[in-house]
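Below is one structure, written out as structure tokens, with a few remarks after it.
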Amino acid sequence: MSAPVAVVVHGGAGASQDDVDGCQAAARAALDVLQAGGESLDAVVRAVMVLEDDDRFNAGTGSVVAPDGATIEMDASVMDTRGRLGAVACVRDVRNPVLLAREVANTPHRLLAGEGAQRFAEVSMLESSLPVTGEQAKRRAVKLAQALKAPSPAETAKRAALLRQWNYPDQPVPAAAEGCDTVGAVARDAEGHFAVAASTGGVSPALLGRVGDTPLIGAGFYAGPEGAVAATGTGEDIIPLLLSHTVYQWIADGVPLQQALERGVALLPADSDVGIIAVSRTEAGHHSNRAMPTSNGD
């Protein structure tokens, strides 16, 4: 007997609700896969690809530009309950990092990073990234204008510390905080299998090579026999909590899904952006302490 299919898609904690139509398009694309009898993993990959191709979101073609004004570093991950798991970190020239993570899941490895991941993308004949888009350039100009205003004492101290640790080959250009939002999708297919996929364009300012929660199993994503969970927000706060696995375990222990989501968000300090989406055997939902565009395909 077939299980009812379900999907939830998010566009990032702290992202604009004006962009919810992008999440709706992504969720509908995932539902098309599921309703045609497709697997949950194919559905979530398809949803995340839609968001990576929409430059309003911080993933793929909309990824943030680093403080050197040129570098883009992206992370992505996939996991399902059929035993497939793959992730990539610090990828620079791939249009759809989620497809690269999906390819890693076909290898003996779980996570590829940096130059090795980039070369694997070439071997896999994946499409390279587009030039910096108009939306990225506009967003960059707005952030630069904000940065030239008098920063708060806390921002001044943070920037001073970052400059002391600067590991780019060139000096930074002024930059206000940008990014930290991820895109992601979770799904349940007609056979009752679960999957999760996530992708991010990183944060700025950050040190070269910074990796957040998105490609780290249990932190930014997790799928098991009782459901699938994806987190978004400040990776440095999400990682120590293994937030996605923590929420998953509560669901597996019988905590109602919405209660588990709310409890998970409450683990982080109020000044830290965080959002979580999840599906279980009978439920689907989302919760965030910031604006977070989401859709289940309705």
Side-chain angles (χ1 to χ4, degrees), residues 9-23 25-26 44 47-77 87-101 129-144 146-147 175-185 197-208 210-216 219-221 230-239 272-277 286 288-295:
V9 172
H10 76 76
S16 173
Q17 287 288 4
D18 292 341
D19 301 335
V20 70
D21 60 305
C23 293
V44 294
V48 170
M49 285 181 64
V50 170
L51 297 177
E52 288 178 336
D53 288 340
D54 186 334
D55 64 10
R56 295 175 296 175
F57 297 96
N58 179 22
T61 59
S63 296
V64 300
V65 182
D68 67 348
T71 302
I72 293 173
E73 292 190 315
M74 302 171 287
D75 307 331
S77 56
V88 293
C90 297
V91 174
R92 296 191 180 187
D93 190 25
V94 180
R95 176 167 180 162
N96 294 111
V98 73
L99 283 182
L100 184 56
S129 60
L130 298 172
V132 173
T133 66
E135 184 66 24
Q136 284 171 299
K138 181 173 70 174
R139 193 162 58 221
R140 180 77 181 157
V142 170
K143 292 295 182 180
L144 182 57
Q146 292 173 346
E178 182 179 10
C180 96
D181 46 327
T182 315
V183 303
S199 182
T200 183
V203 300
S204 182
L207 295 177
L208 184 66
R210 178 262 183 190
V211 177
D213 62 290
T214 299
L216 302 182
F221 69 100
T232 173
T234 307
E236 283 69 19
D237 293 336
I238 290 171
I239 292 168
S272 180
D273 294 358
V274 61
I276 315 169
I277 60 173
H286 59 87
S288 178
N289 65 359
R290 300 288 187 273
M292 182 175 74
T294 60
S295 178

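Judged by distance alone, the side chain of Thr232 and the main-chain N or O of Thr182 form a donor-acceptor pair under 3.5 Å. A donor-acceptor contact shorter than 3.5 Å is absent between the side chain of Asp273 and the backbone of Asn289. A donor-acceptor pair under 3.5 Å links the side-chain atoms of Ser288 to the main chain of Arg290, judged by distance alone. Side-chain atoms of Asp53 never come within 3.5 Å of backbone atoms of Thr61 as a donor-acceptor pair (strictly under, hydrogens ignored). Panel note: side chain Asp75, backbone Gly202; no donor-acceptor pair is recorded below 3.5 Å.
Annotation: side-chain contact (heavy atoms from CB on, under 4.5 Å) contacts of Ala206 (sequence neighbours excluded): Val203, Arg210. Checked against side-chain hydrogen bond (donor to acceptor under 3.5 Å, both in side chains), Thr71 has the following partners two or more places apart in sequence or in another chain: Asp68. Ala59 pairs by the side-chain contact (heavy atoms from CB on, under 4.5 Å) definition with Glu52, Val183, Ser199, not counting sequence neighbours.
Nearest heavy-atom pair, Ala87 versus Ala101, reported as atom, atom and distance to 0.1 Å: CA-CB, 4.0 Å. Of all the heavy atoms in Ser16 and Pro293, the pair that sits closest is O-CG, 3.6 Å.
Glu73 has its side chain within reach of Arg92: a pair of non-hydrogen atoms, C-beta onward, lies under 4.5 Å apart. Contact of the His10 side chain with the Ile276 side chain is not registered, since no non-hydrogen atoms from C-beta on lie closer than 4.5 Å. Contact of the Leu51 side chain with the Val9 side chain is registered, since non-hydrogen atoms from C-beta on lie closer than 4.5 Å.
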Item to check | side-chain contact (heavy atoms from CB on, under 4.5 Å) evaluation trace for Ser77 with Thr214 | outcome: CA-CA 7 Å; Ser77 56; Thr214 299; 4.3 Å; yes
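How far CZ of Arg95 is from CE of Met74: 11.5 Å, rounded to the nearest 0.5 Å.
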